[in-house]
Amino acid sequence: MSSFDLTGMRVWVAGHRGMAGSAIVRRLQRESCEIVTAARSELDLLRQADVDAWMADAKIDVVFLAAATVGGILANATRPAEFLYENLAIETNIIHAAWRTGVKKLLFLGSSCIYPRMADQPMREEALLTGALEPTNEWYAIAKIAGIKLCQAFRRQYGCDFVSVMPTNLYGPGDRYDAEGGHVVAALIMKIHAARIANRPTVELWGSGTPRREFLFSEDLADACVFVIKNYSGEMFLNVGTGVDRTILELAQCIASTIGWKGTFTFDPSKPDGTPRKVMDVGRLRALGWSAPTDFETGMKEAYQWYLSNVGGSSALTP
Ligand code: GDP
């Protein structure tokens with residue numbers, strides 16, 4: 001039984017062009033709500049006065065705060081000012097304006113990188129702020145921790161129904177296909193696809209291939225976000241993941257099999273490995289009744305198909 005009804009609500013998806021936000025828009029199309037989006041040319045989320053004015057005008061009931069400056073391990077490590085400043089600005093502007101305009105419910109999307117580098121695995125929500133962060137993404141992590149705390153503070157002081165979810169590493173339609181700045185799944189789809197087209201026998205992985213990561217399909221994340229908005233209200237944020245992890249080499253082998261490329265992998269130790277292991281304890285969300293429906297192979301096929309149709313261009317082969 002839903003405790004929060006989206007019927008007839010004006011629902012703003014902030015960050016609707018990103019992988020998470022666009023998946024949330026697709027998922028919300030199955031609900032009887034009015035989806036509101038704001039183009040970048042219409043609203044600059046870094047400007048507080050603009051966000052205040054836009055929200056006052058737009059009469060928003062519900063916010064999915066999926067807007068963020070994001071990137072993979074190298075982008076995080078090399079653009080610390082952008083990752084810290086822009087993410088802090090986006091979330092403070094939106095959360096503050098949501099309070100001022102009487103938004104009924106807000107869901108903030110964080111990240112699994114909020115946890116200490118050496119947190120016990122799988123990582124429980126209670127591990128927040130119990131140890132030092134992973135240095136390659138601490139700027140992004142600090143901003144996301146501030147976002148969680150903003151939701152909690154506005155809930156405590158003003159009674160706002162603002163909740164947060166912490167998604168694990170994502171992949172799926174709408175990922176950023178940027179070999180240097182993107183995340184590992186998008187980067188490997190690009191590299192392995194290019195190797196297949198050019199008949200190259202090897203592909204280079206950054207780091208050692210041994211770090212372990214958990215991967216969640218973007219459409220599953222969107223389903224979890226809608227589930228949480230409807231069924232959860234509380235100060236504690238919720239992990240969203242599969243609870244299953246694999247090494248980066250195993251990930252690469254799985255992507256190679258999806259793409260149909262039979263070469264071997266080499267390693268570039270000059271690139272960072274990042275956290276040795278990152279896998280979520282998803283017990284809290286599971287106890288509420290949600291678990292990820294899509295298996296990894298199926299999700300990966302969809303992600304690759306999206307790449308072929310939207311990015312891969314005319315050189316694309318049909319797998
Ligand atoms: P992280 O989860 O924050 O570390 O972010 P990423 O998704 O960028 O990277 C995950 C892991 O994949 C790291 O250990 C990277 O070193 C490794 N990796 C291997 N090859 C690549 C690549 O081509 N691009 C990226 N972004 N990561 C890679």
Side-chain angles (χ1 to χ4, degrees), residues 20 65 68-92 95 108-153 155-156 163-170 180-185 187 205-216 221 234-249 251 267-285:
L65 207 179
T69 296
V70 297
I73 191 164
L74 209 59
N76 264 273
T78 53
R79 292 162 43 209
E82 282 169 65
F83 277 83
L84 182 56
Y85 169 74
E86 292 182 11
N87 286 307
L88 283 172
I90 291 167
E91 66 208 27
T92 42
I95 290 169
F108 171 69
L109 277 78
S111 160
S112 61
C113 72
I114 58 159
Y115 292 113
R117 172 183 166 82
M118 299 314 279
D120 285 347
Q121 305 286 328
M123 301 179 296
R124 303 191 62 216
E125 287 86 349
E126 288 78 3
L128 181 70
L129 294 174
T130 57
L133 297 166
E134 156 61 32
T136 52
N137 56 31
E138 67 177 329
W139 319 95
Y140 185 70
I142 294 270
K144 290 295 184 184
I145 293 170
I148 297 172
K149 291 293 167 191
L150 276 169
C151 290
Q152 292 177 339
R155 170 178 288 276
R156 267 196 206 182
V163 296
S164 303
V165 289
M166 297 305 117
T168 190
N169 291 32
L170 299 175
E180 284 295 303
H183 287 100
V184 61
V185 173
L205 304 181
W206 292 358
S208 63
T210 59
R212 300 186 72 89
R213 293 287 185 276
E214 173 188 10
F215 298 98
L216 178 69
L221 168 72
E235 193 172 295
M236 182 51 110
F237 54 92
L238 299 171
N239 286 344
V240 188
T242 62
V244 176
D245 63 340
R246 64 196 73 225
T247 67
I248 295 300
L249 179 58
L251 167 76
F267 302 93
D268 175 3
S270 74
K271 294 285 197 315
D273 265 343
T275 306
R277 188 173 183 212
K278 217 166 32 165
V279 61
M280 297 285 213
D281 181 318
V282 290
R284 265 205 169 81
L285 191 52

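- Judged purely by atom type and a 3.5 angstrom limit, Asn239 has no side-chain atom pairing as donor or acceptor with the backbone of Val282.
- Here the CG-NZ distance, from Leu128 to Lys149, works out to 5.5 Å after rounding to the nearest 0.5 Å.
- For the residue pair Met123 and Lys278, the shortest heavy atom distance occurs at CE-CG, 3.5 Å.
- Without hydrogens or angle criteria, Glu91 side chain to Gly147 main chain gives a donor-acceptor distance under 3.5 Å.
- In terms of modelled atom types and a separation under 3.5 Å, the side chain of Asn137 and the main chain of Ile73 share no donor-acceptor contact.
- One finds the CG atom of Leu88 at 13.0 Å from the CZ atom of Phe83 (value rounded to the nearest 0.5 Å).
- Heavy atoms only, all atoms of each residue included: Asp268 and Ser270 are closest at OD1-OG, 2.6 Å.
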Quick one, Trp139 with Asn87, criterion side-chain contact (heavy atoms from CB on, under 4.5 Å). Give me CA distance, side-chain angles, the key distance, then yes/no. CA-CA 9 Å; Trp139 319 95; Asn87 286 307; over 6 Å; no
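- Contact detail for Leu133 and Glu138: the closest heavy-atom pair is CB-CB, 4.0 Å.
- To the nearest 0.5 Å, atom CD of residue Glu214 and atom OG1 of residue Thr242 are 4.0 Å apart.
- The two atoms that bring Ile148 and Ser164 nearest to each other are CA-OG, 3.9 Å, heavy atoms only.
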Derivation of the side-chain contact (heavy atoms from CB on, under 4.5 Å) call for Tyr115 and Met280: CA-CA 10 Å; Tyr115 292 113; Met280 297 285 213; 4.1 Å; yes
Verdict with supporting geometry, Asn76 and Thr136, side-chain contact (heavy atoms from CB on, under 4.5 Å): CA-CA 6 Å; Asn76 264 273; Thr136 52; 5.6 Å; no
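- Every pair passing side chain to side chain donor-acceptor pair (under 3.5 Å) that includes a residue from residues 116-125 is listed here, sequence neighbours excluded: Arg117-Glu134, Glu125-Arg284.
- The distance from atom CZ of Phe237 to atom CG of Leu285, rounded to the nearest 0.5 Å, is 13.0 Å.
- Across every non-hydrogen atom of Ser111 and Met166, the tightest pair is N-SD, 3.4 Å.
- The main-chain N or O of Pro211 is never found under 3.5 Å from a side-chain atom of Asp273 such that the two would form a donor-acceptor pair.
- Side chain of Arg213 to backbone of Thr275: a donor-acceptor contact under 3.5 angstrom is found.
- Between the OH atom in Tyr140 and the CG atom in Leu84 there is a gap of 12.5 Å [rounded to 0.5 Å].
- The closest donor-acceptor contact from the side chain of Thr69 to the backbone of Glu82 lies at 3.5 Å or more, if one exists at all.
- To the nearest 0.5 Å, atoms OG1 (Thr247) and CZ (Arg277) are separated by 11.5 Å.
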